[in-house]
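What follows is a single structure, written as structure tokens, with notes after it.
Chain A is the first sequence line, chain B the second, and so forth, proteins listed ahead of strands; every chain is numbered from 1.
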Protein chains: 2
Amino acid sequence: MDRKNVADLENEGPGTGTLGKAMSVLEAVATADRPQRFTDILQTVRQPRGTLHRLLGHLVDEGLLVQRGDLSYEPGLRLLKLAYSSWSGNQFRDVAEPHLLNLHELTGETVHLGILRETEIIYVDKVESRQTVRMSSQIGKASPAYCTGIGKAALSSLAQSELQRIAAKMHFIPFTDRTHRSATSLLAEIEEIRREGHAFDREEHEAEICCVAAPIVVPEHELVAGISVTGPSYRVTMTQLAIWAADVRNSARQIEEEVRIRLGPGRGGG
Amino acid sequence: MDRKNVADLENEGPGTGTLGKAMSVLEAVATADRPQRFTDILQTVRQPRGTLHRLLGHLVDEGLLVQRGDLSYEPGLRLLKLAYSSWSGNQFRDVAEPHLLNLHELTGETVHLGILRETEIIYVDKVESRQTVRMSSQIGKASPAYCTGIGKAALSSLAQSELQRIAAKMHFIPFTDRTHRSATSLLAEIEEIRREGHAFDREEHEAEICCVAAPIVVPEHELVAGISVTGPSYRVTMTQLAIWAADVRNSARQIEEEVRIRLGPGRGGG
DNA sequence: ACACGGTGTTCCACATATTGGAACAACTGC
DNA sequence: GCAGTTGTTCCAATATGTGGAACACCGTGT
């Protein structure tokens with residue numbers, strides 16, 4: 001068990017030998033919102049010039065980066081293709097999907113599926129509200145756990161020690177005036193969420209947006225996730241959310257069960 | 001110019017030193033439709049046991065793979081997160097987006113944006129048909145160029161020599177009875193597409209599904225892409241598609257122009 | 001109990017890919 | 001032309017990865 005804990009180095013770690021350096025370069029380019037030139041990357045990733053240069057060459061060879069005419073680097077398409085493969089082959093997502101659709105049919109609002117990864121929630125699937133314009137596949141998007149319904153729901157299902165370890169690592173950013181500002185207030189709400197079995201997001205991450213979420217736990221897969229119904233507060237009242245809460249919990253429980261059956265304890269098969 | 005051509009090794013190449021091996025392992029796991037055990041991977045990727053074992057360790061350390069309780073490996077969430085970063089920061093997609101929405105408003109059908117990468121089209125954005133049920137973000141999905149509207153449109157904008165080079169690499173799989181079965185028949189149609197300025201998919205990739213597409217070319221970025229309007233043939237007739245063709249060409253031209261303006265020849269900025 | 005075929009894991013002498021400082025080139029503005 | 005960028009190349013030192021072989025483990029069948 002000398003495997004480094006990924007999340008410990010989450011934000012720019014030295015990395016695992018050659019591969020680690022390559023990944024941190026890749027991340028630097030992918031995270032940037034504009035094509036990066038050699039010098040830009042040099043400043044982000046602290047590596048000797050020669051080293052970085054060769055590394056970039058390799059990344060281009062692999063199709064992970066593309067070098068444009070003006071010598072700047074952009075993420076290549078291989079990354080997208082690779083992510084699609086892993087996404088579409090994800091069994092958990094596959095099992096959960098019909099339940100998301102169900103919930104969407106029932107509520108008419110947007111339904112999210114997200115997985116907890118240390119302090120953040122990563123969205124892995126989404127069914128849009130009927131009224132939505134933008135397709136905005138925010139699949140792969142990461143949001144803080146402390147201010148999202150799925151995040152808080154997922155956190156509530158952790159053992160207290162684990163919860164505290166993770167809470168200690170959070171940086172509380174006040175997105176709105178209802179966002180939790182400290183671990184103390186978050187932990188207090190978690191207590192309540194544990195009793196109720198579901199969590200609300202009362203415009204804590206984004207103004208005018210609220211949701212109700214329930215945790216999904218599959219110990220056999222060390223998986224802590226959540227499912228939620230989200231809507232604009234002018235249309236979706238807290239009363240309405242409270243009514244939907246039971247349905248959300250229900251879907252979550254069904255997903256848990258089906259995951260256990262289909263990816264059962266024995267062989268993992270689909 | 002001793003940079004290897006990515007596509008030449010597209011299907012399982014030895015790869016660029018260490019990084020190449022790591023990527024081929026990652027791809028093996030991501031492509032598989034079920035969790036892969038050590039031995040499974042060993043057979044896919046031809047590497048010595050010791051080497052592979054260490055490599056898997058590194059990939060897990062980096063969060064690119066996750067090892068489950070039964071020792072099998074799955075793609076990790078970092079890949080998805082990374083892909084989202086690169087996708088949402090993609091300037092070409094960003095510029096094209098409103099035009100996709102326009103086209104969707106106009107037609108009511110599904111609109112796709114795809115980029116040509118050697119013999120295949122990789123979808124980078126999508127606006128769904130109003131009637132669609134499934135969210136199915138097929139972003140990142142790769143389809144053969146020879147049997148898709150976007151693919152053929154994109155191919156038609158290549159120089160003849162380049163077109164022939166790529167056509168020679170294709171493997172013609174007869175998805176339906178209307179699918180091109182040889183480079184000869186494909187190239188013949190390409191001639192026609194060049195004259196018209198748009199391409200049709202007449203149920204060539206999937207039965208009951210057809211589309212009309214136009215090429216998008218941005219030489220400054222070495223980018224060959226396409227945009228399309230797709231629908232089920234019972235609802236979207238060829239006559240209808242022919243009418244929409246002008247709109248699709250129009251959108252394509254607007255995107256080309258806007259890309260040139262916004263990502264202009266000088267500095268690449270957003 | 002024992003041998004067996006199959007897993008995944010560890011070890012270590014060897015080879016090589018990576019390292020990173022420094023020199024080089026190309027372009028830019030003064 | 002000179003100073004200040006930028007990106008690129010070179011190469012001896014060495015850290016890193018290599019891969020064959022031995023190891024430990026776990027069920028199975030005899």
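- Residue A:Asp125 forms a side-chain contact (heavy atoms from CB on, under 4.5 Å) with just one option from A:Asp94, A:Val111, A:Leu113, A:Asn90, and that option is A:Leu113.
- Among the nucleotides C:dT9, D:dT8, D:dG20, the one closest to the side chain of B:His53 is C:dT9.
- Rounded to a whole Å, the CG atom of B:Leu56 is 14 Å from the P atom of D:dG17.
- Between B:Tyr146 and B:Phe175, the ring planes are parallel. Angles under 30° get that label, and only those over 60° would be called perpendicular.
- For B:Gly50 and B:Gln43, each mapped to the nucleotide of DNA chain C holding its nearest heavy atom, the one lying further toward the 5' end belongs to B:Gln43.
- Within 3.5 Å, a donor on the side chain of A:Arg49 pairs with an acceptor on the base of D:dG7, or the reverse.
- If you check C:dG20, D:dT18, D:dT8 against the side chain of B:Lys21, the one that comes closest is D:dT18.
- Within the structure, every side-chain polar atom (N or O) of B:Thr39 is placed at least 4.0 Å from both OP1 and OP2 of C:dG6.
- The environment of B:Glu257 atom CD is sparse: at most 12 non-hydrogen atoms of other residues, nucleotides or ligands sit within 6.0 angstrom.
- At D:dG17, one or more side-chain N or O atoms of A:Thr18 fall inside 4.0 Å of OP1 or OP2 (strictly under the cut-off).
- Nucleotide C:dT19 holds its C1' atom 13 Å from the CG atom of A:Leu52, rounded to whole Å.
- Note on A:Arg54: every side-chain N or O is 4.0 Å or more away from OP1 and OP2 of C:dA17.
- Atoms CZ (B:Phe38) and C1' (C:dG6) sit 13 Å apart, rounded to a whole Å.
- Applying the side-chain hydrogen bond (donor to acceptor under 3.5 Å, both in side chains) criterion to B:Glu162, with sequence neighbours excluded, gives B:Arg165.
- Residue whose closest nucleotide on DNA chain D sits further toward the 5' end, between A:Asp40 and B:Leu55: A:Asp40.
- Distance B:Gln47 CD to D:dG19 C1': 10 Å, rounded to the nearest Å.
- Each of D:dG19, C:dG20, D:dG7 was ranked by its minimum atom distance to the side chain of A:Leu71; first place goes to D:dG7.
- For the OP1/OP2 pair of D:dT6 and a distance below 4.0 Å, the side-chain nitrogens and oxygens of A:Arg37 include no atom meeting the criterion.
- Remark: the B:Gln254 side chain and the B:Arg249 side chain contain no N/O donor-acceptor pair separated by less than 3.5 Å.
- In this structure, B:His58 atom NE2 and D:dT18 atom C1' are separated by 12 Å, rounded to whole Å.
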